[in-house]
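A short worksheet on the structure shown next.
Residue numbering restarts at 1 for every chain, and letters A, B, ... go by the order of the sequence lines.
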Number of protein chains: 2
Amino acid sequence: MSSSVQRKRVRKTPEARRAEIVETAARVALTEGLECVTLRRIAEELAVRPGLISHYFPSAEDLVGEAFSVAATGELDALLPADRPHGTPTQWLARYFALSAGEAYDDISRLWINARHLSRYRPVLRDRVTEQELASDDRLEQVIREGVARGEFRTDDPRATAIQILVVLDGLGAHANSDRTDRPEAVTRMALTTAERELGLPHGALTDVPAPPEPA
Amino acid sequence: MSSSVQRKRVRKTPEARRAEIVETAARVALTEGLECVTLRRIAEELAVRPGLISHYFPSAEDLVGEAFSVAATGELDALLPADRPHGTPTQWLARYFALSAGEAYDDISRLWINARHLSRYRPVLRDRVTEQELASDDRLEQVIREGVARGEFRTDDPRATAIQILVVLDGLGAHANSDRTDRPEAVTRMALTTAERELGLPHGALTDVPAPPEPA
DNA sequence: GATGCTATTGAGTGTGCGACCAATAAGCAA
DNA sequence: TTGCTTATTGGTCGCACACTCAATAGCATC
């Protein structure tokens, strides 16, 4: 009879409930920011009471950390999957940079800025950030190693090269919340330029390349 | 007789009061973060009532924006003064990178991360961030132009070069809240390497240089 | 259909925030 | 000294937050 208030309670298994809480928190973190991952906000999304979120995450800080990890892992997998049964390192790297230049990458940049800032105050989140940074380094390093092994790339220190590329991407992403329309070509191409230089590739080697088979 | 409560009220000129509010807010912003710039916090620092801060800044958001601007301007002037009566562009640039590698630079990096993130939600702050970014670009571009004019540097596009250097510095500074002890040499030197490359300088040209006369 | 476990609710605590406003007193000018 | 302007106070309101806990009800089991 009354308005839209939901009175019926739905009882789920702890695993299922926890999973949907984390999933929702990750989505909110990515789209609206980590400070929007609050007990009330997530509870409202799931049409449950805030106390329930507390039940699964006695400390809200843990939920925020988990939300970031899940979101960051998902985005990393989308940018550069760990499983690359087909396609060459050059193709995957080219795809990575193409995605990094797109609009969708702004959400990821924002998430990272968000997490890196918030980790100033929240130790739990700081650990997660460090963890995810290592994961990104590892992933990119691995692709570079494969490329070196195949003779596609040339570098003495694959890890240092990976980190350098990521530093440039971080630098470019730092402005995800401001206007960047009038950025010089040399700047927008910085990540590509860095990769080409550090990997001993000719100009255009990472742009004039067919896309690898899309992951399932 | 009682404890430390201060009952005597001190009346200052609006200009003086406003100045000390802004100064305090800038200090808090730099050392503890922009979210600590609250009416209550600044009032406590100055031993006045929160209402007084509201009196000078009817919208708290304006105070935060002002705090950031003042802090960022101060730090920019410390890193690379606008007035450089003595010393060469090479010397000033070398000094700039030396300071950028020091501990004290972490506070600045943190402030920028902080502001760039918060500007996602606060339009007032976003404008200030854009403003300060332009100021940094301009300052660095100017030094580069002087160096080009003197024949010390060589670049086709001083502004693009300036922005590229700043992108690298932003990328390196992004990790100001995490541990960066085991960073490869090639990474820690990235800003220098970028500058040397883009300015047509030999390796070491920006490190093996006497310091310019310190500004007053 | 009754029972027990526990996922979920409802209600409440305490904190910190910005914003608002009438009352007060500091210090200048008459 | 008196009076006036206004910088400053003190108190209040509403909101959002995390956290706690006894009471409730969904659901599997018997």
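Here Ser54(A) does not reach the OP1 or OP2 of dC19(D): none of its side-chain N or O atoms lies under 4.0 Å away. Contact annotation: Tyr56(A) reaches the phosphate of dT8(C) (side-chain N/O to OP1 or OP2, under 4.0 Å). Taking side-chain N and O atoms only, His55(A) has no distance below 4.0 Å to OP1 or OP2 of dT8(C).
What separates CZ of Arg122(A) from P of dC17(D) is a distance of 12 Å, to the nearest Å. The distance from atom CD1 of Ile53(A) to atom C1' of dG10(C) is 15 Å, rounded to the nearest whole Å. Taking atom CG of Leu46(B) as the reference point, atom P of dT9(D) lies 10 Å away to the nearest angstrom. Following rounding to the nearest Å, Leu52(B) (CG) and dA19(C) (C1') show an atom-to-atom distance of 15 Å. A straight line from CZ of Arg41(A) to C1' of dA18(D) spans 17 Å, rounded to a whole angstrom. If you measure from atom CG of Leu39(B) to atom P of dG10(D), you get 17 Å, rounded to the nearest angstrom. Counting to the nearest Å, the P atom of dT9(D) and the CZ atom of Arg49(B) are 7 Å from each other. Atom CG in Leu63(B) sits roughly 11 Å away from atom P in dA19(C) (whole-Å rounding).
Donor-acceptor pairing under 3.5 Å, judged by distance alone, is absent between the side chain of Arg17(A) and the base of dA7(C).
A side-chain donor from one of Gln132(A) and Thr73(A) sits under 3.5 Å from a side-chain acceptor of the other. When only modelled atom types and interatomic distance are considered, Thr155(B) and Thr161(B) share a side-chain donor-acceptor pair under 3.5 Å.
Both Glu61(A) and Val48(B) lie near DNA chain D, and the one whose nearest nucleotide falls closer to the 5' end is Val48(B).
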Without placing hydrogens or testing angles, list every side-chain donor-acceptor pair under 3.5 Å for residues 64-71 of chain B, not counting sequence neighbours.
{"from": "Glu66(B)", "atom 1": "OE1", "to": "Arg128(B)", "atom 2": "NH1", "distance (Å)": "3.3"}
{"from": "Glu66(B)", "atom 1": "OE1", "to": "Arg128(B)", "atom 2": "NH2", "distance (Å)": "2.8"}
{"from": "Ser69(B)", "atom 1": "OG", "to": "Gly65(B)", "atom 2": "O", "distance (Å)": "3.4"}
{"from": "Ser69(B)", "atom 1": "OG", "to": "Arg128(B)", "atom 2": "NH1", "distance (Å)": "2.8"}

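Put simply, the side chain of Asn114(A) gets close to the backbone of Leu34(A): a donor and an acceptor are under 3.5 Å apart. A donor-acceptor pair under 3.5 Å is absent between the side-chain atoms of Asn177(B) and the main chain of Ser119(A), judged by distance alone.
Comparing atom distances between the Arg40(A) side chain and each of dT8(D), dC17(D), dC17(C) picks out dC17(D) as nearest.
Using a 4.0 Å heavy-atom cutoff across all strands shown, Pro50(A) reaches no nucleic acid atom at all. When heavy atoms are screened at a 4.0 angstrom cut-off, Thr13(A) is found touching no nucleic acid atom at all.
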Under a 4.0 Å heavy-atom criterion, the protein footprint on nucleotides 23-30 of chain C, written with B, S and -, is -BBBS---
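Listed by first and then second residue, the salt bridge (charged side-chain N to carboxylate O under 4.0 Å, His left out) pairs that reach into residues 158-182 of chain A are Asp106(A)-Arg180(A), Arg116(A)-Asp170(A), Asp137(A)-Arg159(A), Asp138(A)-Arg159(A), Glu141(A)-Arg159(A), sequence neighbours excluded.
For Arg189(A), the CZ atom counts as densely surrounded, since its 6.0 Å shell holds more than 12 non-hydrogen atoms of other residues, nucleotides or ligands.
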